[in-house]
Every structure is written in structure tokens, then in C-alpha cells.
Chemist: 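Just passing along the structure, written as C-alpha cells.
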Amino acid sequence: MWKIFSIVLIIAFILVGVWFKDGYILGTAEDGVVFYNLSNYYHQAEYTWMEYPGLGSPSLSLVAVKPTLFLLAVLQNVGIPGFLIQAGVMWFLLISSGIGIYLLVKELFPDLPMRYVLLSIFFYWFNPISLVDVWNRFLLNYIFFFALLPIGSYLYFKGLKSRNYFWAFLLNISLFFYSYAFSYIAFSILFWIWLSLITCFYALFDKNRKSKIFSLKYLLLTLVIFMIINCWWILPLINLNLVGGAVPTSQLFMKQNNLGTLQALSEKTGNLRDVFKLINASFLAPDSLSWVKLYYSPVLFIIQFVFIGVVSFFLIKSAKNATVLFLGSLFLILVFFIKGSNPPFGEVYSFIFNNILILQVFRNPFEKFGFLLSLITTVLLGPSLYELGIRFQSNFKKLLYPAFLITIFFYLGFPLYTSLAFTNKFPPTNDYSIGYKVKVPGYYKTVDNWLSGQGSNFRYLGLPIKEEGITYNWEKGYSGVELNVALFSNSGIIHKTSVPFFNQIVPEIEATFMSDKDFAGFANLLNVKYFLLRYDIDFQSRDMTDPRIIEKRLVAREQKGEVKKISTFGKVSIWENLKWKDNTFYATKKTEDTLPQISYEKINTTRYILHVKNAVKPYLLVFSELYNDAWRASFPDRGILNDHSLVNVYGNGWTVDRQGDYDILVEFSPQKWMDMGEKISIAGYILITVGLLTLKIKHKI
Amino acid sequence: MIYWLIFVGILVANIKLRKEASVYLRYGFYLFIVGSVVSLLGIFNISEFIFRICFIFLLIGFAFSAKDYLTR
């Protein structure tokens, strides 16, 4: 056992060493460069409301990453470089997945020789699904889920097999280290679908009636503990959905759009000729990099068919064995799920998809169920090869193992230990010397420090501004979602997203700025005090306005006295909106009557205390944060302001009809649930840990 | 629709033929090999059709194996 663990530790160390040997952070796509500034990302997950992407939005299940980011941010704050922390996390996840596979395979096939278990571990790391959906996509929650699956499945299965509830507790305690995976709601659902499938098939093939009942109780207990100790993100999420504030999430559940997406993606990636090669067909495009084309060449397809071929051979030859029946059933049901609405029996998937709302997150079946198919194929591969070897003559048998070891380690693993897996077709990631490596220029630190020094009661506006994706022309450049969270501590508007209301505002920004219209008024509506003009973006590839044209317009507005150039730091220049005033909260009314004076204290992103003075007549209180039904305004005597409405296209407004001097509390209501959930979660973790330790000390487990 | 017909057809035929689970599994595996070869030849539509039939055979074979195991 220790020999296998040592090999896993060493190979994982070598892989991580190759990826991070140059001392750069890796980052791309929706994740950005999390490890550049972990504290900034932590602040987005700290409360149920985050100031990203500019006008704010609910954090939703993102709060699930709070404990992980807190721990990692502490490490960064004591001076450990971001790339080292990222390397450590990757090492942990690789080791964890490797050891998880070892434990799971040995639990299911105790007599399997170690060297075949090792093959399974390598296959889990390097198989084509992992290559595309885990390593090439390079999203941290995906990698955490990839690492969680084997160890989670082992702990759950162990309890099921031994009929001991202890494992349900241990599994849930272990989930703390993988809570990052649950920041993507689809993975929470997928995890529970997986455990339910394991329970169903295990109970089905267990002839003992008591065991069947235990299996069901065990699943329910695991779920209940999961709900209790994950209260910190589950409670606010439920509350937000109940009050109708989870708008970005609810858009994920729009049936008409999703059914079309499901059918299109199933046709693209759900063909069995690709599924049986474990290949994500959408990964290959005419403009793909040469190494990708190599992996999709017909000659190499022979090798890729061999893996499922060997597993199928094992399944049909050992179908009388209960363990094989159990695993084979899981394998077939996953093939059914992964092909989505494609025939045969795709109508069943479409029916389930249409009628169970929560399953709408599985509109890309290959991407989601691919994780499970990769796991089950991995578990079956080692025993399949061992059984195949037994059936052949000794000479062939001797060749079989090395042939598969070389194929898996050197052919499938090649993109990983050469870092090719961390390249993409989009520049600059298509440059093999850059790939996903990112080096943020030092002047961004200076800009961030300067902006932070001006306070936190304003927003900045990044120019030029366009869609969510951006390309930076740095020494080690970046291509992916805009990096405002990573680069700046202050809140700013720097790109468009699909967030409702915000998506209506952004397209108007540059159009108004470039016109002769009054821009200061528009900027004030968004509470924008500074403009950041960036010269280091690849504006041509992103079809954005040339920064030099923006600069000319700024100069013209400077001559009119609207803006003033403050300074230039590296390739970023800062301009000030001279007509800015703090519009976080303000009072307004249709007539020219006297308005009350309003000052405020910001407790955190979800809680503000307003001090109102000299209120005479009813007025409209405006809060320049993104409108959400869950924002509440109330008086200290618990009188609630009911007239909550959308103002200024995106903001919150309340009609206040109270005279004199008084305070108003404005808060994002799900935060109370998160505060309560955190207490329940902490108590749950402490109780379970103490309970398990006590039982261990008393040798009862 | 055609796959539902094939599926039901096999089940109905089995009432009379009474083939063992291993027969369906074996056919499924043969179809897998044929499908792989056809796919490697680049005839994707036919290989996809063969793989789908292969999947139906494997499903039926496994269902019968499970039934045999549970009634043993």
C-alpha cells in the first residue's frame, strides 16, 4: 500500500513540478486567475451579495468556496506566492484523486494486484475525459469535483458494504476539503445523483432484505448530515430562491432554451462512437491546436476504443459476479445519461429533463456525466486488464501490462507532463511557451493600491468595454473572463455579462461615451468616479474600440471640463469624473421640494445603516446597487418599507413617507440565513468530529 | 422509434427463443468490435447505428444477467 502511495506522491509531485516550474500562476476561462489575489476572490464569497460584476449580484452557491478561499488567502497573506499555493492545491487534488482510486478499487476488488490498481490511478488522471473536461478546461471547481468523486465514492461505498453509519459521518466531514466543488450547483446535484445510483444498484444486487433497508436509511442519513453541515451555503440559496432573488440561477432553468441546448449538445457530443472512446467531440474544431488533432486522428482512435473494449469484455465475461453486475449497471446507466437526448431511448432522458426542473442543469450531459463515466471506467479498467491477462498465454500476458502502462502513461499522459493540456486555440494560450501561464504586470498592483487609497464609495469604469471575454497582451498573457476581481479590490464595471439589468446598461456605456451626449450624468447614475483606460488589451481580437480612440474622446471631454487625467501607471491611465458625487444612496423626488440629507455606514456588502436628517415630505430613496427582490429596507422600530421598485434601469428604490431624523437599515435578506447557516454548520462539524474521535478513542469504531 | 422496435422485438423474440443473458452480451460485444472497425473506416453514420444496437444488446444482456442473479 505504502509503495503505491509513494508512487502517487512522486508522480503527482513531478506533474505539478512541470506545470509550475517557471513560477507562473495558471489561469484561463471563467476562473480567471484566482491565485493572483485570493483575498479578493474570498471577499466575493464572504457574503451572500458580492460587488461583482460591477453593480453587484447574489453570490448564490459561490459562498460554498468561502472556507477554502479563506484558508488559501491566509497562506497568501503570510507571503507564500500564489503559484506555490496553486501548485500545492493541484498536488493535493492529484494525490487525493489517486489515493481515492486506490481505496475504491481495492475495496471493490480486494484481490487485484497492486500494479493493476496503479494502472487505474494513471487512467483516472490521464483519460480523454479528464484531459478535456478537467485539465484543459482548468476550472477549479471542476478539478475539486474530479478529486472528490473517488474518495467520496469510496467512503460512501465502505459504509454501504459494512452497514456502518460511521462512514456517512466521515464522508460528510471529508467533504469540507472539497466544498469548492459545490460552488457549481450542478456538481451538488450530480454528486447526489451518483450516491443515489450507487445505493439503488447496491440494494438491487444485495439479496439481504435488511441490507436493502439499511441502504436506503444510509442514503437518507448521509443526505441529512450533508444538509446540516453545509447549511452555510444551502440555507441562503434556498431563501434566495424562495424570495425570487436568484435571477441569474433561475435563468438556468428556462425549459425552452435548455431543451434546444440539450438536443444540440447531444447531437454534437452524445454519439456512442465518441462516448465509447471517452472523447468529447466538441473539443475538436478545424482551428484546434496540432496536439489536439493528433489525439483525434483515426489511427489513435484504435487505442481509444481498446479501453472500453477491454472493459466490455470483462463485463460480459464476469456478468454473474455481484460486484461486476453492480458496476456494469452503473456503467450502462451512465452511457445512457451521457448521450443525452440521442437515440436509443433519448426520449426518456428528454422526458426526465423536461419534467424535473432541477435536472435542467444537465443540458450538457457529456460535460457533467463524463466525470462519472470516467470514474466507473477507471474502476473497471484494472480488473478488466487483469482478467484479460489471465485468459492469454504467458508470453502475451507478459506484454499486456507494459503495453497498457506505456499507452496510458506515455500516450494519454503526454499532454499533461508536457503541459500541452494547458494550451488552447485562443491567443495567447495557443503559444506553447505561454499556454495558461499568466504574469500580471506590476503596474496593476500600483493601480489597485491607488484606487484603494481613494476609498470604497465609488466604482471605476474600465475602457474600452465590451463582452465578458478579454485578452491581455502581457509577457505571459491571458485569455478568458475579465479579471476585475483579481486585479482590483474596488468595485468596477469592466465588461458585460448576462446578469439581468446589468446586461442592459453595459452596451449603452461606450455608445454614450463616444457620442456628444452628457456622459457625466450617466457615469454618476452608475456611481462611477474613475475611468481606467487600458492599452494592454488585445482590442482587435476582441472586436473592441482602439484605446487610442477612447483616449482622444477623453481628451475632448477633458477640454470641456468633464474629466481630468490623474496619472498613468504602466499601460493603464486613470481619469477622474469631475462631476462625480457619491450616489450609493440618495434621495430624489419629482418636484423641487427640499430633500433630506442622507449619510450611510457600510457594514458589509449586505448591510448598510442610513442616517436620514430633515425629511419633510415623501421621497424616493435610491440605492445604486443591482436590483434584487431580496434587498430589504426597514426602520429600527421594525417598520418595513414595502414599496420596493426598480429605478434607473438597474437600481433599488423605496418610497419613504416618514418625517424628521431617523435611521434606515438596508440589508440583503439571505445574509441572515447564511449567518444562521454558518452557526449550524460549525456546530455540526464540531459535534460530528468530537463524536467520531470519542468513538475512536473508546475503540467502538 | 426504430430502436424501441428493435428493443421490444428482441424481448418478444426472447419469449420464444429463451436465449441466455450471455448470448446477448456476446452479441453486444461483437457489435462493439464491428462498430469500432466501421468507425475507424470513417463510416460514422453506420458505426453509430451499430453502436446503438450494441448498447441495446448490452442493456438486455445485463438486465437478464441481473434477473438470473436475483432469482438464483
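Every heavy atom of this structure was used, including side-chain atoms; hydrogens, water molecules and symmetry mates were not. Nothing here was measured: the structure is a model prediction, and the numbers come from that model. Residue numbers begin at 1 in each chain, while the letters A, B, ... track the order of the sequences.
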Chemist: Between B:F62 and A:S329, which heavy-atom pair has the shortest distance, and what is it?
Modeler: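 So the two residues come closest at CE2-N, 3.8 Å.
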Chemist: Does any N or O in the side chain of B:R52 come within less than 3.5 Å of the main-chain N or O of A:L272, such that one atom is a donor and the other an acceptor?
Modeler: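 No.
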Chemist: Counting only heavy atoms from other residues, nucleotides and ligands, does the tally under 6.0 Å from NZ of A:K320 exceed 12?
Modeler: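 No, NZ of A:K320 has 12 or fewer neighbouring heavy atoms, counting only those of other groups under 6.0 Å.
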Chemist: How are the rings of B:F29 and A:F313 set to each other: parallel, tilted or perpendicular (split at 30° and 60°)?
Modeler: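 B:F29 and A:F313: tilted rings.
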Chemist: From A:N271 CG over to B:E48 CD, what is the distance, rounded to the nearest 0.5 angstrom?
Modeler: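 Answer for the CG-CD pair, A:N271 versus B:E48, is 4.0 Å.
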Chemist: Mind listing the closest non-hydrogen atom pair of A:E347 and B:M1 along with its distance?
Modeler: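 In this case the closest contact between A:E347 and B:M1 is OE2-N, 4.4 Å.
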Chemist: Does a sphere of radius 6.0 Å around OH in A:Y386 hold more than 12 heavy atoms from other residues, nucleotides or ligands, not counting ones at 6.0 Å or beyond?
Modeler: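 No, not enclosed.
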Chemist: Tell me, side chain or backbone of B:F55 under 4.5 Å from chain A's heavy atoms, or both, or neither?
Modeler: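 B:F55 touches chain A through side-chain heavy atoms alone.
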Chemist: A:V348 versus chain B, heavy atoms under 4.5 Å apart: side chain, backbone, both or neither?
Modeler: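 Looking at A:V348, just its side chain touches chain B.
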Chemist: Heavy-atom cut-off 4.5 Å, strictly under: side chain, backbone, both or neither for A:L204 against chain B?
Modeler: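 The answer is both parts of A:L204.
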Chemist: Taking atom CD1 as the centre, does B:I2 end up with more than 12 heavy-atom neighbours from other residues, nucleotides or ligands that are less than 6.0 angstrom away?
Modeler: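 At most 12 heavy atoms, drawn from other residues, nucleotides or ligands, come within 6.0 Å of this atom.
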Chemist: Using 0.5 Å steps for rounding, measure from the CZ atom of B:F57 to the CD1 atom of A:I316.
Modeler: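 The CD1 atom of A:I316 is 13.0 Å from CZ of B:F57, to the nearest 0.5 Å.
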Chemist: Side chains of B:L59 and A:F345: does their closest heavy-atom pair fall under 4.5 Å?
Modeler: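 Yes, at least one pair of side-chain atoms sits under 4.5 Å.
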Chemist: Mark yes when over 12 heavy atoms from residues, nucleotides or ligands other than A:K212 sit less than 6.0 Å from its NZ; otherwise mark no.
Modeler: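 Count over threshold, so yes.
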Chemist: Once rounded to the nearest 0.5 Å, what's the spacing between atom OG1 of B:T71 and atom NZ of A:K207?
Modeler: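 That separation rounds to 7.5 Å.
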Chemist: Please round to the nearest 0.5 Å and tell me the distance separating atom NZ of A:K277 and atom CG of B:L40.
Modeler: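 If we round to the nearest 0.5 Å, A:K277:NZ and B:L40:CG are 7.5 Å apart.
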Chemist: Chain A: which of B:F32, B:Y69, B:Y3 shares the most heavy-atom pairs with it under 4.5 Å?
Modeler: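 Option with the top pair count is B:Y69.
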Chemist: Could you tell me whether B:K67 atom NZ has more than 12 heavy atoms of other residues or ligands within 6.0 Å of it?
Modeler: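 Incorrect, the count does not exceed 12.
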Chemist: Once rounded to the nearest 0.5 Å, what's the spacing between atom OG of B:S47 and atom CZ of A:F305?
Modeler: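 Spacing of OG (B:S47) from CZ (A:F305) equals 6.5 Å.
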Chemist: Looking only at heavy atoms, which of residues 20-28 of chain B get nearer than 4.5 Å to chain A?
Modeler: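 Listed by number: B:L25, B:R26.
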Chemist: What distance separates A:F301 CZ from B:S36 OG, expressed to the nearest 0.5 Å?
Modeler: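 Taking CZ in A:F301 and OG in B:S36, the distance rounds to 12.0 Å.
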Chemist: Check the surroundings of atom CZ in A:F351: do more than 12 heavy atoms from other residues, nucleotides or ligands lie under 6.0 Å from it?
Modeler: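 No, the 6.0 Å shell around CZ holds no more than 12 heavy atoms from other groups.
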Chemist: Check whether A:N342 gets within reach of chain B through its side chain, its backbone, both or neither, counting any heavy atom under 4.5 Å.
Modeler: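 Contact with chain B is through the side chain of A:N342 alone.
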Chemist: Looking only at heavy atoms, which two atoms of A:L332 and B:L58 are closest? And how far apart?
Modeler: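 Nearest heavy atoms, A:L332 then B:L58: CD1-O, 3.7 Å.
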Chemist: Between A:K317 and chain B, which part of the residue has a heavy atom less than 4.5 Å away: side chain, backbone, both or neither?
Modeler: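 When you check distances to chain B, no heavy atom of A:K317 falls under 4.5 Å.
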Chemist: Side chain from CB out, backbone as N, CA, C, O: work out which of these in A:F326 comes under 4.5 Å of a heavy atom of chain B, or both, or neither.
Modeler: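 Looking at A:F326, nothing touches chain B.
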Chemist: More than 12 non-hydrogen atoms from neighbouring residues, nucleotides or ligands closer than 6.0 Å to CG on A:D287, yes or no?
Modeler: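 Enclosed: over 12 neighbouring heavy atoms sit under 6.0 Å from CG of A:D287.
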